[in-house]
Amino acid sequence: MGIEAAKAVENAITFEAKKDGLQQRQSGDWTLRLVIAGADMDDRVSKAPMGTRYQCVIVEINDDETPRDHKAEERDKWRALGATKQAGIRCKEPTFWAFLVEEMNCCAWSEAEAAEAVRDICRVASRADLDKPGHSLERVRWFDLDNQYQAWRIRENG
């Protein structure tokens, strides 16, 4: 850990808070109002002058005090859609078209062309076939394609 990071950890102020209000100002900035229990209020915060700046990190917690895992929830929602719906959603995304063009050497400049590319890559007559019994290999091809797309997006967004 670097010197600045160690200094930040050493001086961190931790407390539990509840969101009490959120408002956007005309400038585009946001005002977030938090309620902190009296026992959790640190003197360094209560005695600091108005305008004191803080670097904040907040983590949403479950009732059992564990951190809420939003990424896992989104991943579970995506999986629950099934391959057919996933492919339909992806084929509407211009970034997916770009992936198909750049990485898969497909002509995919529209939703229809992306759908055709997915059918060709997954070797199905229709994207609806991806969720049908007896098409497990085709489904695996879709999941592999979608995983490649996700990895490409991460690389592109660096």
Side-chain angles (χ1 to χ4, degrees), residues 1-10 12-35 53-158:
M1 183 181 307
I3 294 171
E4 292 300 314
K7 193 185 306 181
V9 168
E10 183 179 310
I13 301 168
T14 60
F15 53 84
E16 183 176 326
K18 279 188 174 181
K19 178 179 166 185
D20 188 57
L22 181 66
Q23 181 180 25
Q24 188 171 20
R25 298 174 151 221
Q26 286 180 333
S27 67
D29 292 341
W30 290 87
T31 299
L32 171 62
R33 190 171 55 240
L34 301 173
V35 174
R53 297 175 61 225
Y54 295 92
Q55 179 72 45
C56 298
V57 175
I58 60 174
V59 177
E60 184 176 350
I61 56 174
N62 297 311
D63 290 339
D64 65 357
E65 306 299 317
T66 59
R68 182 166 175 200
D69 190 344
H70 289 277
K71 285 188 178 186
E73 291 172 14
E74 289 301 314
R75 198 171 41 248
D76 291 345
K77 283 182 193 175
W78 180 249
R79 287 180 183 150
L81 290 174
T84 298
K85 287 183 181 175
Q86 289 176 3
I89 290 168
R90 287 288 185 244
C91 288
K92 289 177 174 40
E93 297 176 5
T95 54
F96 185 66
W97 308 345
F99 160 77
L100 290 171
V101 170
E102 292 177 23
E103 296 295 312
M104 307 306 290
N105 298 315
C106 297
C107 180
W109 302 102
S110 68
E111 180 180 346
E113 289 174 333
E116 183 177 340
V118 167
R119 289 191 300 271
D120 290 346
I121 292 166
C122 296
R123 300 183 196 149
V124 292
S126 167
R127 289 174 294 179
D129 293 340
L130 293 171
D131 284 325
K132 290 182 179 173
H135 287 81
S136 59
L137 182 57
E138 292 83 349
R139 208 169 11 263
V140 167
R141 287 186 190 116
W142 163 253
F143 292 135
D144 184 50
L145 179 64
D146 192 51
N147 287 335
Q148 289 177 53
Y149 169 61
Q150 293 297 337
W152 175 82
R153 280 185 51 193
I154 290 167
R155 283 193 310 273
E156 290 293 305
N157 295 327

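Model, not experiment: these values are computed from the prediction. For the numbers below, each heavy atom of this structure counts, side chains included, while hydrogens, waters and symmetry mates do not.
Taken to the nearest 0.5 Å, the CG atom of Leu100 stands 10.0 Å off from the CD atom of Gln148. Distance check, rounded to the nearest 0.5 Å: CD of Glu10 to CD1 of Ile3 gives 12.0 Å. Separating the CG atom in Leu32 from the CD atom in Gln23 is a distance of 11.5 Å, to the nearest 0.5 Å. Rounding to the nearest 0.5 Å gives a distance of 4.0 Å between CD of Glu113 and SG of Cys107. Residue Thr95 holds its OG1 atom at 8.5 Å from CG of Asn157, rounded to the nearest 0.5 Å.
No more than 12 heavy-atom neighbours from other residues, nucleotides or ligands sit within 6.0 angstrom of CH2 on Trp109.
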Audit row: Lys77, Leu81, side-chain contact (heavy atoms from CB on, under 4.5 Å) steps and yes/no: CA-CA 7 Å; Lys77 283 182 193 175; Leu81 290 174; over 6 Å; no
Evaluation steps, side-chain contact (heavy atoms from CB on, under 4.5 Å), between Ile121 and Cys106: CA-CA 10 Å; Ile121 292 166; Cys106 297; 4.0 Å; yes
Give the intermediate values and the outcome of side-chain contact (heavy atoms from CB on, under 4.5 Å) for residues Leu145 and Arg141. CA-CA 6 Å; Leu145 179 64; Arg141 287 186 190 116; over 6 Å; no
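The salt bridge (charged side-chain N to carboxylate O under 4.0 Å, His left out) search around Glu93 returns Arg90, not counting sequence neighbours. Lys71 meets the salt bridge (charged side-chain N to carboxylate O under 4.0 Å, His left out) test with no other residue; sequence neighbours excluded. Applying the salt bridge (charged side-chain N to carboxylate O under 4.0 Å, His left out) test to Glu4 and every residue at least two apart in sequence or in another chain returns Lys7.
Residue pairs that meet the side-chain hydrogen bond (donor to acceptor under 3.5 Å, both in side chains) test with at least one member in residues 121-133, sequence neighbours left out, are Thr84-Asp131, Asp129-Lys132. Counting only residues at least two apart or in different chains, ring pair (Phe, Tyr, Trp, His ring centres under 6.0 Å) contacts with residues 119-153 comprise Phe96-Tyr149, Phe99-Tyr149, Phe99-Trp152.
Residue Arg79 comes nearest to Gln86 through the heavy atom pair CA-NE2, 3.7 Å, listed as atom of the first residue, atom of the second, then distance. Taking every heavy atom of both residues into account, Arg119 and Ala125 meet most closely at CD-O, 3.1 Å. Glu138 approaches Gly134 most closely through the heavy-atom pair OE1-O, 4.3 Å.
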Indicate every side-chain donor-acceptor pair of residues 15-22 with a distance under 3.5 Å to a residue at least two apart or in another chain.
{"unit_1": "Asp20", "atom_1": "OD2", "unit_2": "Arg33", "atom_2": "NE", "d": "2.9"}

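Here the side chain of Asn62 pairs no donor or acceptor atom with the backbone of Asp64 at under 3.5 angstrom. Of the possible donor and acceptor atoms, one in the side chain of Trp97 sits under 3.5 Å from a partner among the backbone N and O of Cys91.
Taking 4.0 Å as the cut-off between side-chain N and carboxylate O, Arg153 and Glu156 do not count as a salt-bridged pair.
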